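From a predicted model like this one, the values you see are computed outputs, not experimental measurements. To find a chain, count down the sequence lines: A is the first, B the second, and so on, and within it residues start at 1.
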Amino acid sequence: MDLLKDLTEPQREAITYIDGPLLVVAGAGSGKTRVITRRIGYLAQQGVNPYNILALTFTNKAANEMKERVEQFCPFKGMWVSTFHSMCARILRVDAEKIGYSNTFSIYDKQDQTSALKIVMAELEIDSTSLKPAKAGGIIGNAKNNMVSAEEFAEKAASYTDRDVARVYSLYEKTLKKNNALDFDDLLLKVVELFQNNPDVLEKYQDKFKYILIDEYQDTNRTQYAIAKLLTKNCKNICATGDPDQSIYSWRGADLRNILDFEKDFKDAKLVRLEQNYRSTKMILRAASEIIKNNSMRKEKELWTENDAGSKIKVVLASDDKQEAAVIVENTDRLTRDADIKYADVAVFYRTNAQSRVIESALRDANIPYTIVGSVEFYRRKEVKDILAYLKLCVNPNDDIALSRIINVPTRGIGKVTLERLSNLARENNCGIFQILSDLTNGEGDKGVLKGKSKAAVKGFVEIFAQLKNELSNPVNKIVDKAIELTNYKQFLIETEEIKSDDKIRNIEELISAAREYDMTEPEGSLGGFLENVALVADLDNWDDEVNAVTLMTLHAAKGLEFSVVFLVGLEEGLLPIQQSRDNEFRLEEERRLCYVGITRAKKELILTRAVSRYIHGQSKSCHESRFLEEIPSDVIEFEDKTGGQSFQELHYERDEYADYPEFDDDNEFGLNAGDYVRHPRFGPGRVMKLSGYGDMAQAVVKFNMGGTKSMMIKYAKLEKV
DNA sequence: ACCGGCCTGTTTTTT
DNA sequence: ACAGGCCGGT
């Protein structure tokens, strides 16, 4: 196959420039995936050994897809295609002991991390109501993402909270080490540590990875940057692809500096821009660029397309979240009646997972097939995590967090008090709790800690692992099966869960299937390998895009995907942009990028919805229109009011206070005065009744001729003086 | 040790 | 709305 066929000049450049650092700034829908896969093929064609290629992606799903596509061009024996996290886990399995770990280390997810932090904070006698373990975890994670060690954090800690966090951080690190466990951030951080302290190890990987590709570079954090920098120290063949306008993970430590300073960081870097969009209609693209234009922290960029103009963007105003869901059902029905649009071509994006519930039940009632990406993640479910904890503890007996989770699940009469006693004993002996348990059952070290009943219980518990260890050479699905059998977990579910037991049993059986699949794809695999896979999968990785169903997902999960029909729901102040970002310019701009990402997923039809009121935490709240909606030019919009005009009666709190009593006493830096006659792009002519607030937050209350009064942010309202 | 009822808060987003 | 924590009774 001719790899350079059907390409634009910039695309060809991005594929063939293979010596020296290259940054590909690829706008949404500009054929980036195509460029990356062909580039790998081209490298192989030019005689590069696949063994020397490393491709890093953002999700496992993206990695798998890339593998599949690359396979069509060249053999990829020895090529590494994975996420940063998987790569790091793999590297650490080889040289774990060089950083003081054993290669059976556990990987802690956020839940495990919080459990560990709870224990740590109890030990330090830090009140967990004023400083929540999860909050401390967030601060520590942030530090780790910026490569700030516990010592460095302690040095810089100024506030009262930070000093507490510093103590927690330090003991947490010790606890992790004792448990032979790493959290997500550690996977990256420990690789940096490994490389910095072991030049020979670093050299080994520098020799191996002669060509490095990093996708979604705008969402890498400083630790990932450090890894990239270390690996490319000698050969400079790094190719980063990304789009600053699609950076939506700064809350996870993603640092835009990485992509903005690429040319500074890598000397003589070449820059290629892909600005032609192949995905969307002109209408959709226009709306997207008009929105993103409002970001000030941005490099100017203009996407263009030769695609059709397409139909106008539909903006629907619903009276509440239920009606919003009905709008989705209605339009999905309408569009899929069209022969060339299937359910699978339709996606619904929302800002928060909680929004999916209402939409889900509407689709279910309408008999429209759907899949939800996210919500309650499979591997986070209690029953699944319990079984996994048995397996984890079997592989890594030092994992006290896994042990505490299951020592009394199913209930075997070992309660809080006994566990506390065992835990103290472990601390005194400087070993794991499991060690204590096996010593006690061997008759060693029994100082009357356990009475008859709990002694038998402990014996039974330890026995499970003795049996499980005998299975370790079997395929993983057999081991999982055995674990369920030995623990009598199904029986436990039947006894304790009257209604949900069927579901839960199905879930743990699903775990066996997942293991079976692992056995098939990884013939050389092990239980440890399976557990690692499980720890590092994202929800999205389990999404089956072959099924003909409408896809529901968060905007964050939508990155990198495309659909013919996209619904973007909940375009309201406080939801998109989310409340917590509204007083922070930086975070506000990230919300705008999030909106941009959502819109640019759409190929043909884009439907934006918002509700006048919706249930939040069980209470009905009235909502203002999102400023992002107001940023879309009215000539690309087809507006539909489903509320029957009710929206202009409902309106906002200002109405009752001011609408009938004009106060012409205020002005502002936008040159707008109370009493001015104005025109709004969508609501037509009206009169300013009241101005309030200052600067960017300044608001105007406008009474429209078509009826009703509305308050809006002046900065975004696009009010025209008439 | 375990169960049920009451009270609280809910970071939006996730490798 | 809903889960998770806490307390008091068994």
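- Note: NZ (A:K61) to P (B:dT15) measures 13 Å, nearest angstrom.
- Within 6.0 Å of OH in A:Y615 there are 12 or fewer heavy atoms belonging to other residues, nucleotides or ligands.
- Among the protein residues, A:K135 comes within range of no part of the nucleic acid, since none of its heavy atoms lies under 4.0 Å from any strand.
- Taking the ring centroids of A:Y596 and A:F628, they lie at or beyond the 6.0 Å cut-off.
- Residue A:N408 places at least one side-chain N or O under 4.0 Å from the OP1 or OP2 atom of B:dC2.
- Listed for the A:N180 side chain is no donor-acceptor partner under 3.5 Å among the backbone atoms of A:L176.
- Salt bridge status for A:D185 with A:K190: absent, with no side-chain N to carboxylate O gap under 4.0 Å.
- One atom, OH of A:Y108, and another, C1' of B:dT15, lie 18 Å apart when rounded to the nearest Å.
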message: Assess the residue pair A:Y169 and A:Y172 against the criterion (ring-ring contact (aromatic ring centres under 6.0 Å, His included)); give the C-alpha distance rounded to whole Å, side-chain angles, the decisive distance to 0.1 Å, and a yes or no.
response: CA-CA 5 Å; A:Y169 189 176; A:Y172 172 64; 7.4 Å; no
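- Closest to the side chain of A:R351, from the set B:dT13, C:dC2, B:dT15, is B:dT13.
- When rounded to the nearest whole Å, the span between CZ of A:R357 and P of B:dT12 equals 17 Å.
- The nucleotide whose nearest atom lies closest to any side-chain atom of A:H617 is, among B:dT12, B:dT10, B:dT15, B:dT10.
- The shortest distance between side-chain heavy atoms of A:L92 and A:F105 falls below 4.5 Å.
- Contacts of residues 249-256 of chain A with DNA chain B (heavy atom under 4.0 Å): A:Y249, A:W251, A:R252.
- If you measure from atom CG of A:D321 to atom P of C:dA1, you get 11 Å, rounded to the nearest angstrom.
- Applying the 4.0 Å criterion to OP1 and OP2 of B:dT14, one finds that A:K559 has every side-chain N and O outside that range.
- Under the stacking definition used here (centres under 5.5 Å, planes under 30°), the residue A:H556 fails to qualify as stacked on the base of B:dT12.
- Residue A:N533 contributes atom CG, which lies 14 Å from atom P of B:dT15 at whole-angstrom precision.
- In this entry the distance linking CD of A:Q113 with P of B:dT15 reads 15 Å, nearest Å.
- One donor-acceptor pair, N or O on each side, does fall under 3.5 Å between the base of B:dT12 and the side chain of A:R587.
- A:K132 comes within 4.0 angstrom of sugar-phosphate atoms only, judged by non-hydrogen atoms across all strands, and of no base.
- If you find the closest nucleotide of DNA chain B to A:L419 and to A:S581, the one lying nearer the 5' end belongs to A:L419.
- For A:T554, a side-chain nitrogen or oxygen approaches OP1 or OP2 of B:dT14 to under 4.0 Å.
- Between A:N353 and B:dT14, a side-chain N or O to OP1/OP2 separation shorter than 4.0 Å is present.
- The pair A:R627-A:E631 fails the salt-bridge criterion, with no side-chain N (NZ, NE, NH1 or NH2) lying under 4.0 Å from an Asp/Glu carboxylate O.
- Distance from the side chain of A:Q580 is smallest to B:dT11 among C:dG5, B:dT13, B:dT11.
- Checking the phosphate oxygens (OP1, OP2) of B:dA1, no side-chain nitrogen or oxygen of A:T411 falls inside 4.0 Å.
- As judged by a 4.0 angstrom heavy-atom cut-off over every strand, A:L594 is placed among residues making no nucleic acid contact.
- Cation-pi contact between A:K559 and A:F58: present, with separation from the ring centre below 6.0 Å and deviation from the ring axis of at most 45°.
- Atom NZ of A:K229 is surrounded by more than 12 heavy atoms from other residues, nucleotides or ligands within 6.0 Å.
- Looking at heavy-atom distances under 4.0 Å, A:Y615 makes no contact with the nucleic acid at all.
- Rounded to a whole angstrom, the distance from the P atom of B:dT13 to that of C:dG4 is 15 Å.
- A:R381 places its CZ atom 13 Å from the P atom of C:dA3, with the value rounded to the nearest Å.
- Atom P of nucleotide B:dT12 and atom NZ of A:K621 are separated by 13 Å, given to the nearest angstrom.
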